[in-house]
Amino acid sequence: MTLTRKTVVISLSIFLALSLVIVLPSFIVAEENSMLEETKVIHAKGIAFTEIDNETIEIPVNLTLYCEATERYRRLTFFKVVDGTVELESETFTIHDGTGLVIHNRHITLLNATGTDPQGQHVTLKLAFRYFWMWGRLYVARSRGVLKVNDTKYLLILRAATKVP
């Protein structure tokens, strides 16, 4: 088979058209979606570890976060943390704001939030979730993170659940 100029041009045109059909959706900036304004609630329970006087202490922890998606891309969703609480035994820390990122093809969620403790001191919360689909609209996740209160750091090991529309 000999390649003529006409067959090369036709083949190249077909290749470019197919490439655009495959690649172009990944360059779309953001989807217009009514789900962007919907609030998601993340409930998580687990254990917090901290070291006091060279002794490791385990403390039960409950976490509730309210999040809203701000931007969606093909494989990424950015969100903001609107409100939330972290309960360590008898202390309740209030989360005021934060940002996060969902990497869909890796099933990972990263979150960085700030808030205050009962005395009004600054609190930082950093979490990394690995989530799994559990049929229907339910997703569950395992999480590791750090809650920093003044000079005390708590290592958080959590299990979470959320429902999506």
Side-chain angles (χ1 to χ4, degrees), residues 26-165:
S26 65
F27 290 116
I28 294 175
V29 176
E31 297 177 10
E32 290 298 323
N33 196 338
S34 63
M35 289 175 30
L36 288 180
E37 298 301 320
E38 195 169 313
T39 301
K40 306 282 186 273
V41 181
I42 299 171
H43 297 287
K45 292 184 178 186
I47 299 173
F49 298 94
T50 189
E51 190 172 314
I52 298 176
D53 297 330
N54 294 326
E55 185 179 335
T56 302
I57 297 174
E58 295 181 17
I59 304 168
V61 62
N62 289 317
L63 172 93
T64 303
L65 294 175
Y66 298 90
C67 305
E68 292 178 356
T70 55
E71 294 181 65
R72 289 184 194 256
Y73 298 93
R74 184 173 172 89
R75 294 185 177 105
L76 300 173
T77 300
F78 294 93
F79 64 91
K80 64 181 176 179
V81 178
V82 179
D83 195 18
T85 59
V86 179
E87 298 174 10
L88 290 175
E89 273 186 325
S90 62
E91 276 193 293
T92 301
F93 304 98
T94 305
I95 303 299
H96 300 296
D97 62 342
T99 57
L101 167 70
V102 179
I103 306 169
H104 297 286
N105 59 341
R106 301 268 185 206
H107 300 279
I108 293 173
T109 300
L110 305 172
L111 180 136
N112 188 4
T114 59
T116 57
D117 67 1
Q119 292 78 31
Q121 298 295 320
H122 184 73
V123 173
T124 303
L125 175 67
K126 294 182 181 188
L127 295 172
F129 290 92
R130 173 89 171 144
Y131 66 89
F132 308 91
W133 178 52
M134 294 297 292
W135 300 99
R137 300 177 343 176
L138 179 65
Y139 283 83
V140 296
R142 287 186 225 133
S143 175
R144 292 190 180 118
V146 174
L147 177 67
K148 185 177 178 186
V149 182
N150 296 329
D151 294 332
T152 307
K153 288 185 182 180
Y154 296 93
L155 172 65
L156 304 176
I157 309 281
L158 304 168
R159 294 171 300 176
T162 189
K163 288 188 177 182
V164 295

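Predicted model only: the values in this text are computed from it and were never measured.
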On a heavy-atom basis, which atom in [X] and which in [Y] lie closest, and how many Å separate them?
X	Y	result
A160	F129	CB-CE2, 3.9 Å
L101	F79	N-CE2, 3.3 Å
R130	F132	O-CE1, 3.4 Å

Interatomic spacing from CG in L63 to NE2 in H43 - rounded to 0.5 Å: 10.0 Å

Test item: F93 and L125 side chains (from C-beta on) under 4.5 Å apart, heavy atoms: no

Acceptor/donor pairs from residues 55-62 side chains to any protein atom, 3.5 angstrom cut, sequence neighbours excluded:
none

Summary of side-chain hydrogen bond (donor to acceptor under 3.5 Å, both in side chains) pairs that have at least one residue in residues 79-89, sequence neighbours excluded: none

Below 3.5 Å, can you tabulate the donor-acceptor pairs from side chains in residues 103-114 to any protein atom, sequence neighbours excluded?
{"from": "H104", "atom 1": "NE2", "to": "T77", "atom 2": "OG1", "distance (Å)": "2.6"}
{"from": "T114", "atom 1": "OG1", "to": "D97", "atom 2": "OD1", "distance (Å)": "2.8"}

If you look only at distance, which donor and acceptor atoms sit under 3.5 Å apart when one is on a side chain in residues 138-159 and the other is two or more places apart or in another chain?
{"from": "S143", "atom 1": "OG", "to": "A128", "atom 2": "O", "distance (Å)": "3.3"}

Chi angles and distances behind the side chain to side chain contact (heavy atoms under 4.5 Å, CB included) call for I95, V81: CA-CA 8 Å; I95 303 299; V81 178; 4.0 Å; yes

Set of residues satisfying side-chain hydrogen bond (donor to acceptor under 3.5 Å, both in side chains) with respect to T116, sequence neighbours excluded: H96

